[in-house]
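A quick write-up on the structure given underneath.
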Amino acid sequence: MNVNYGSKRVVVGAHYGLRDWLSQRVTAALMAIFTLVVLAQVVLTRGPIGYDKWSGIFAAQWMKVLTFTVIVSLLLHVWVGMRDVLMDYVKPVAIKLFLQIFVIVWLVSCAGWAIQVLWRL
C-alpha cells in the first residue's frame, strides 16, 4: 500500500521547489536593495532631476554593472514565475512548450535591449 501523506509520503517530480523559492526571494531582495540605492541617489540629488541627472546616476561603471545584475535578477525572477504558472495552468504540452519558448526569447531580447541602453548612456 502506497502512503502519500506524512513521513511516508512518496515524493515525485523535478524537486524545483526549494531552489525556485530561494531564487525568487534572493532576486526580490536584490531588486529591493537596488531600489533603495537608486532612491537614495535621487533623494540626495540637489536641484531638479532631468535627463542629465539620471544619466549621471547611471554613468558610473559600478552602477551600470549593478543595474545589469538587477536586470538579470529580474529576468530570472520573471522566468521562474512564468515557468511555474505555465507548468501549473497550461495543460497541452505543445502550447506550454510554445509559450515557454516565447517567454525565453522575449526575456533574452529584453536582456539585449538592457545592455544596449545601459552602455549607450
Side-chain angles (χ1 to χ4, degrees):
M1 180 172 164
N2 249 349
V3 177
N4 204 19
Y5 57 86
S7 62
K8 305 262 187 222
R9 180 173 170 232
V10 177
V11 179
V12 296
H15 308 289
Y16 292 126
L18 179 62
R19 185 178 62 200
D20 288 349
W21 180 86
L22 190 59
S23 70
Q24 288 282 43
R25 287 353 175 239
V26 169
T27 56
L30 184 60
M31 289 183 282
I33 291 168
F34 176 77
T35 301
L36 293 175
V37 168
V38 172
L39 281 175
Q41 288 186 354
V42 168
V43 168
L44 297 175
T45 300
R46 298 188 190 278
I49 298 177
Y51 176 78
D52 56 334
K53 299 281 185 176
W54 277 110
S55 63
I57 289 173
F58 292 95
Q61 194 65 26
W62 70 269
M63 189 63 176
K64 288 180 182 182
V65 171
L66 179 62
T67 302
F68 187 69
T69 302
V70 170
I71 289 170
V72 169
S73 294
L74 175 66
L75 298 176
L76 176 63
H77 192 89
V78 169
W79 169 245
V80 169
M82 288 302 297
R83 191 197 68 215
D84 288 350
V85 167
L86 293 173
M87 284 175 31
D88 289 346
Y89 296 108
V90 179
K91 296 305 176 193
V93 175
I95 296 172
K96 186 185 312 186
L97 180 62
F98 171 78
L99 290 173
Q100 286 179 338
I101 291 170
F102 176 79
V103 169
I104 290 169
V105 169
W106 176 63
L107 292 174
V108 168
S109 300
C110 288
W113 179 70
I115 291 170
Q116 190 178 26
V117 168
L118 279 174
W119 273 271
R120 187 173 47 189
L121 287 177

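Scope of the values below: all heavy atoms of this structure, side chains included, with no hydrogens, waters or symmetry mates. Sequential numbering from 1 along the given sequence is applied to the chain's residues. If you're wondering where the values come from, they're calculated on a predicted model, not measured in any experiment.
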* How long is the gap from OG1 on Thr69 to CG on Leu74, to the nearest 0.5 Å? -> 12.5 Å

* Asked: Can you tell which of Leu107, Thr27, Leu30, Val26 makes a side chain to side chain contact (heavy atoms under 4.5 Å, CB included) with Leu76?
  -> Thr27

* Asked: Does the side chain of Trp62 come within less than 4.5 Å of Val65's, by heavy atoms?
  -> no

* To do: Say whether Phe102 and Val78 are linked into one hydrophobic cluster, either directly or through other cluster members, by side-chain heavy-atom distances under 4.5 angstrom.
  => no

* Val70, Val108: one ILVMFWY side-chain cluster at the under-4.5 Å cut-off? -> yes

* Structure fact -> Looking only at heavy atoms, the pair that brings Gln100 and Leu86 closest together is CG-CD1, 3.7 Å

* **Heavy-atom pair with the smallest gap, counting every atom of Lys91 and Asp88** => NZ-O, 3.0 Å

* Nearest atoms (heavy-atom pairs only) where Trp119 meets Gln61 -> NE1-NE2, 3.3 Å

* To do: Can you measure from CD1 (Ile104) to CE (Met82) and round to the nearest 0.5 angstrom?
  => 11.0 Å

* Just wondering, do Lys96 and Leu99 contact through their side chains at under 4.5 Å, heavy atoms? -> no

* **Sub-4.5 Å side-chain heavy-atom contact between Trp79 and Leu75** => no

* Donor-acceptor pair, Lys53 side chain versus Val42 backbone, under 3.5 Å? -> no

* To do: Any chance you could measure Phe58, atom CZ, to Leu118, atom CG, to the nearest 0.5 Å?
  => 8.0 Å

* Out of curiosity, Ile49 CD1 to Ile57 CD1, how far, rounded to the nearest 0.5 Å? -> 6.0 Å

* Taking the side chain as every heavy atom from C-beta outward, state whether Trp54 and Val38 have any atom pair closer than 4.5 Å. => yes

